[in-house]
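Excluded from the calculations below are hydrogen atoms, water molecules and symmetry mates; all remaining heavy atoms, backbone and side chain alike, are included. In what follows, every chain begins at residue 1, and chains take the letters A, B, ... in the order their sequences are listed.
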2 protein chains.
Amino acid sequence: MAACDTCVVRNRAICAGLANDELAALNNIGRRRNLEPGEPLIWEGDESVLVANVIEGVLKLSSSTEDGREQIVGVVYPSDFIGRPFAGAAGHSVTALTEARVCVFARADFDRFASEHPKLEHKLLERTLGELDRTRKWMLLLSRKTAQEKVATFLLEMSDRLLETGCEGPTLGPLRKFDLPFSRQQVADVLGLTIETVSRQMTALKRDGIIGLPTRRSVEIVDRTALEDIAG
Amino acid sequence: MAACDTCVVRNRAICAGLANDELAALNNIGRRRNLEPGEPLIWEGDESVLVANVIEGVLKLSSSTEDGREQIVGVVYPSDFIGRPFAGAAGHSVTALTEARVCVFARADFDRFASEHPKLEHKLLERTLGELDRTRKWMLLLSRKTAQEKVATFLLEMSDRLLETGCEGPTLGPLRKFDLPFSRQQVADVLGLTIETVSRQMTALKRDGIIGLPTRRSVEIVDRTALEDIAG
DNA sequence: CGTGCACTTGAGGCACGTCAACGTTCGTGG
DNA sequence: CCACGAACGTTGACGTGCCTCAAGTGCACG
């Protein structure tokens, strides 16, 4: 009980809407876990034994070909749900990008609990449907957009998503300035590009005065309209 | 009642597990609809007013950029679910590829019914989670595989999926010979390629004796092992 | 027997990948 | 505090896989 009481995502995660006694029961089968940047939580192909809620931080979902080409297939933020309930093997790895705190459940326990609590399943369904929408939108970007459009779209999406989840403190409207939770290599893996191409496109946007790059990880959106035009 | 009784997907679609009286209630709010090849059911960006079950046929989910580049973000088969319950606008169009029969519901009616029937929501959740897995797997293909690998993977997937759904009558093991429900242009839209590249890759596979192309729409997998090797 | 559409084939160009060198930041220990 | 090395990022030269544009070819229709 104590843990959920003070949980910052209490009203946004799938736990929202549960009564106090239900929440206590859920808390009983879960435990907190802290992750360091780069620390894996789930490995691609492993049997699905773990599900979790993100409390704090950013994590990547990634999938690789046998010969080592990697693609980041999703990025999760606080209040997002991780893992594959009700079935077999994990289709992708889950790795922390920043320091992160998650609320972990054994899948078997979670499955049972979910089956007995339709409200929780409903929340999970809404979340999964939303994630599917976002994933499909990203497919269009991966296959049909140019490198320039990809990078511009990525920067805009980051400025929105980091805001929503309050990673960067209170600000009004989309963020103008923020720190990327990604290395250049990881940006490349999100966009289906190489590190060199990402670097070149970022430099080009900077040269044209559309963005600023004060430090390695930070981005400033100088001309949002221009960026939106490029994103297409 | 009558309609569901004889429904071929009765035990595979999300309706599976409903008691007879529940099914009758669901049947009351739905209606059958037939679609011709190329006929649209839902338009991208429209408000989400319609959801449906596929009874027969194959449909595509597609999304486009403003300047007309299209990407097929999903393909649905009999017993699959179509549409976006519980929320706003449709993220993609839905169009019949073959003659199709679907079971359509007004979204408001369906949302209400679902909220009152946890078993149905559970089925829908399992289906959505599965679809999300498949979609993420496809992202890796779109961004990191070569044209050759894409076409090989596509042909293998088709031979599996057409079998599962019984579109092609009873056969044992994956299909050796089947008719594509796609034109070359549509294959290109699934794989994020151009029509010319798809054509060249198909011809190359034929030249190497790995597949046969008896007619425009039909494919014969001659050397499945070789095809799997290429698919990567 | 034309007419039209889907598909194939070819020639050429370009966006992005590859390979390689260089610059910058950051941690570590002398 | 600075010296050093490793990791990360940038920049350049070059190659190539796929796209673009354009001209066939074959099949289905009246």
On the nucleotide [N], are OP1 or OP2 found under 4.0 Å from the side-chain N or O atoms that [X] carries?
X        : N      : result
A/Thr194 : C/dC16 : no
B/Ser199 : C/dC7  : no
B/Thr197 : D/dC19 : yes
A/Thr203 : D/dT11 : yes

[X] has an atom [atom1]; how far is it from atom [atom2] of [N], in whole Å?
X        : N      : atom1 : atom2 : result
B/Ile195 : D/dC18 : CD1   : C1'   : 15 Å
A/Gln185 : D/dT10 : CD    : C1'   : 14 Å
A/Met202 : D/dG9  : CE    : C1'   : 10 Å

Side-chain donor/acceptor of A/Lys177 to backbone N/O of A/Ile221, under 3.5 Å: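 Checking the backbone N and O of A/Ile221 against the side chain of A/Lys177, no donor-acceptor pair under 3.5 Å is found.
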Sugar-phosphate, base or nothing in reach of A/Thr215, heavy atoms under 4.0 Å: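 Nothing, no nucleic acid heavy atom in range.
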Touch class at under 4.0 angstrom, heavy-atom based, for B/Arg216 against every strand present: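 It contacts base atoms.
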A/Gln71 and A/Ser63: side chain donor to acceptor below 3.5 Å: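 Result is no, nothing qualifies.
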Any side-chain donor near an acceptor of the partner, A/Arg224 and A/Ser159, under 3.5 Å: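 Distance-only check passes for A/Arg224 and A/Ser159.
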Side-chain donor/acceptor of B/Glu196 to base of D/dC18, under 3.5 Å: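 Such a pair does not exist between side chain and base.
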B/Arg200 (side chain) and D/dT20 (base): donor-acceptor pair under 3.5 Å: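 Looking at the base of D/dT20, it does pair with a donor or acceptor on the side chain of B/Arg200 (distance under 3.5 Å).
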Student check: side-chain heavy atoms of B/Val75 and B/Ile72 closer than 4.5 Å: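 A side-chain contact under 4.5 Å exists here.
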Toward the 5' end of DNA chain C, by each residue's nearest nucleotide, B/Leu213 or A/Gln148: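 In this pair, the answer is B/Leu213.
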